[in-house]
Amino acid sequence: MDDKQTQSRLRLNMVSKVFDDLRAVNGVSLALPGGRSLALIGPAASGKSVLLKCIVGIYAPSSGSIEIDGERVGVSARRSASTNARIGMLFQQNALFDSLPVWENIAFRLIANGMPRDQARAEAEDLLPRVGLPVANADLFPADLSGGMQKRVGFARAIATRPDILLLDNPTAGLDPILAARIDGMISNLARESGACVISVTGNMVGITEAYDEIAVLDEGSLRWHGAAKAAETDTNPWLRQLLEGRRDGPISTLVSAA
């Protein structure tokens, strides 16, 4: 691993986000170098998606700071175009454009960045089999696809620009176990081969310690555990064990409603 990968590409310094009386994220500090993938796990409404939206620049942290390669960054509107271009994101609800065909959804940022349409289409068609979709789907529209297929199109769009930082909000939700394992493997390979820094919010605990390099646990907006994925196999942290083993009893409330 080269020096660029061993340095922290993404660093969160005591990041908090407050909405009125709700503290969605509470003093989270994390550092992740390039070439590493991190699974962010936790119960529903624990602040995982809000944290991703702070990193991508949709929300400004109420306190604390976010750094990319040592440079402090604010909301996306105040970041340079080059900084924004370095980040790819898969949103929880996919956020596809209903009026655009699949290939154009995938290639949207490529075209916006000036790539010729025929070249952008070729790039999109090359990505489709990699996410488990036939090239024949390129001319379909999102309404023609199942929820799981839409998720895969969203993932293809997130990686189309070969981002340095990739943020994924439930990339395997709605997928069968075989395809979910394939996508998890793609995430890890992408990080290691390209040097990208990857954070994936996931509820898929099957094989998580093999699929990711690191795991972080968020509950009630606070970071409860963070470490190497292999260490998670034996660590006795009660938040970690409750999630990995699906225990009913533990520090995480089972009465939290899905959100």
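What you see is a predicted model, and the numbers here were worked out from it, not measured in a lab.
Linking ILVMFWY side-chain heavy atoms closer than 4.5 Å, directly or via other members, places Val153 and Leu190 in a single hydrophobic cluster. If you chain together hydrophobic residues whose side chains sit under 4.5 Å apart, Leu38 and Phe155 never meet in one group. Ile199 and Val28 end up in the same hydrophobic cluster when Ile, Leu, Val, Met, Phe, Trp and Tyr side chains are linked at under 4.5 Å. Neither Tyr59 nor Leu90 shares a network with the other; the hydrophobic side chains, linked directly or stepwise wherever heavy atoms of I, L, V, M, F, W or Y lie under 4.5 Å apart, form separate groups for each. Trp225 and Val201 are not part of a single hydrophobic cluster, where members link through side-chain heavy atoms under 4.5 Å apart.
Counting non-hydrogen atoms of neighbouring residues, nucleotides and ligands closer than 6.0 angstrom, the CE atom of Met14 reaches no more than 12 such neighbours. Heavy atoms of other residues, nucleotides or ligands lying less than 6.0 angstrom from CZ of Arg109 number more than 12.
Residues Pro61 and Lys17 fail the side-chain proximity criterion, which asks for heavy atoms closer than 4.5 Å. Side-chain contact between Thr202 and Leu40 is absent, with no heavy-atom pair separated by less than 4.5 Å. Between Pro177 and Val206 the shortest side-chain heavy-atom distance does not fall below 4.5 Å.
Here the options are Thr83, Leu10, Ile55, the test is side chain to side chain contact (heavy atoms under 4.5 Å, CB included), and the partner is Val73; only Thr83 passes. The residue from Ile87, Val75, Leu51 that alone fulfils the side chain to side chain contact (heavy atoms under 4.5 Å, CB included) condition with Val56 is Ile87.
The two atoms that bring Lys151 and Asn170 nearest to each other are NZ-O, 3.0 Å, heavy atoms only. Heavy atoms only, all atoms of each residue included: Gly148 and Leu175 are closest at O-CD2, 3.4 Å. Contact between Val25 and Val15 at its shortest, heavy atoms only, is CG1-O, 3.3 Å. In terms of heavy atoms, Leu100 sits closest to Asn105 at O-ND2, 2.9 Å. Considering every non-hydrogen atom in both Ile111 and Ala120, the closest pair reads CG1-CB, 3.7 Å. Residues Leu30 and Ala216 approach most closely at CD2-CB, 4.4 Å, considering heavy atoms.
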What verdict does the side-chain contact (heavy atoms from CB on, under 4.5 Å) test give for Trp103 and Asp139, after you've listed the backbone C-alpha separation in whole Å, the side-chain angles of each residue and the deciding distance to 0.1 Å?
CA-CA 7 Å; Trp103 79 264; Asp139 289 312; 3.8 Å; yes
Residues Glu233, Ile215; criterion side-chain contact (heavy atoms from CB on, under 4.5 Å); working and verdict:
CA-CA 11 Å; Glu233 295 177 351; Ile215 294 174; over 6 Å; no
Walk me through it: do Glu71 and Ile68 pass the test side-chain contact (heavy atoms from CB on, under 4.5 Å)?
CA-CA 5 Å; Glu71 179 184 355; Ile68 296 177; 5.7 Å; no
Met149 and Asn137: CA distance, side-chain angles, deciding distance, side-chain contact (heavy atoms from CB on, under 4.5 Å) verdict
CA-CA 10 Å; Met149 294 168 74; Asn137 285 359; 3.3 Å; yes
If you apply the rule salt bridge (charged side-chain N to carboxylate O under 4.0 Å, His left out), what do you find for Arg162 with Glu123, and how did you get there?
CA-CA 11 Å; Arg162 298 175 177 85; Glu123 292 275 347; 3.4 Å; yes
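Arg241 places a side-chain N or O within donor-acceptor distance of the main-chain N or O of Ala232, the cut-off being under 3.5 Å. Asp144 places no side-chain N or O within donor-acceptor distance of the main-chain N or O of Leu140, the cut-off being under 3.5 Å. No donor-acceptor distance shorter than 3.5 angstrom exists from the side chain of Gln150 to the backbone of Leu96, with no hydrogens or angles considered. Remark: side-chain polar atoms of Ser8 are not paired, donor with acceptor, to backbone N or O of Arg11 under 3.5 angstrom. When atom types are taken as modelled, the side chain of Asn84 and the backbone of Ser76 share a donor-acceptor pair closer than 3.5 angstrom. Between the side chain of Lys48 and the backbone N or O of Leu218, no donor-acceptor pair lies under 3.5 Å. In this structure, Lys230 contributes its side chain and Glu210 its backbone to no donor-acceptor pair below 3.5 Å. Between the Thr209 side chain and the Ala229 main chain, no donor and acceptor come within less than 3.5 Å of each other. Distance alone, capped at 3.5 Å, places no donor-acceptor pair between the Arg152 side chain and the Leu133 backbone. Side-chain atoms of Glu214 never come within 3.5 Å of backbone atoms of Ala228 as a donor-acceptor pair (strictly under, hydrogens ignored).
Aromatic ring orientation, Phe97 versus Phe108: tilted (interplanar angle from 30° to 60°).
To the nearest 0.5 Å, atom CD of residue Gln242 and atom CZ of residue Arg247 are 8.0 Å apart. Atoms CG and CE, from Leu168 and Met89 in turn, are 8.5 Å apart once rounded to the nearest 0.5 Å. The distance from atom CG of Asn237 to atom CG of Asp235, rounded to the nearest 0.5 Å, is 5.5 Å. With rounding to the nearest 0.5 angstrom, the OG1 atom of Thr161 is 12.5 Å from the CD1 atom of Ile106. One finds the CD1 atom of Ile41 at 13.5 Å from the CZ atom of Arg224 (value rounded to the nearest 0.5 Å). The structure places CG of Asp169 at 3.5 Å from OG of Ser49, a figure rounded to the nearest 0.5 Å.
Of the charged side-chain nitrogens involved, at least one lies within less than 4.0 Å of a carboxylate oxygen, so that Arg86 and Asp69 count as a salt-bridged pair.
With sequence neighbours excluded, the residues forming a salt bridge (Lys or Arg N to Asp or Glu O under 4.0 Å) with Arg117 are Glu104, listed by chain and number.
Using modelled atom types and a 3.5 Å distance limit, the side chains of Ser29 and Asn13 yield no donor-acceptor pair. Side chains of Asp219 and Ser46: a donor-acceptor N/O pair is absent below 3.5 angstrom, by distance only. For the 3.5 Å distance criterion, the side chains of Ser82 and Ser80 qualify, holding a donor opposite an acceptor.
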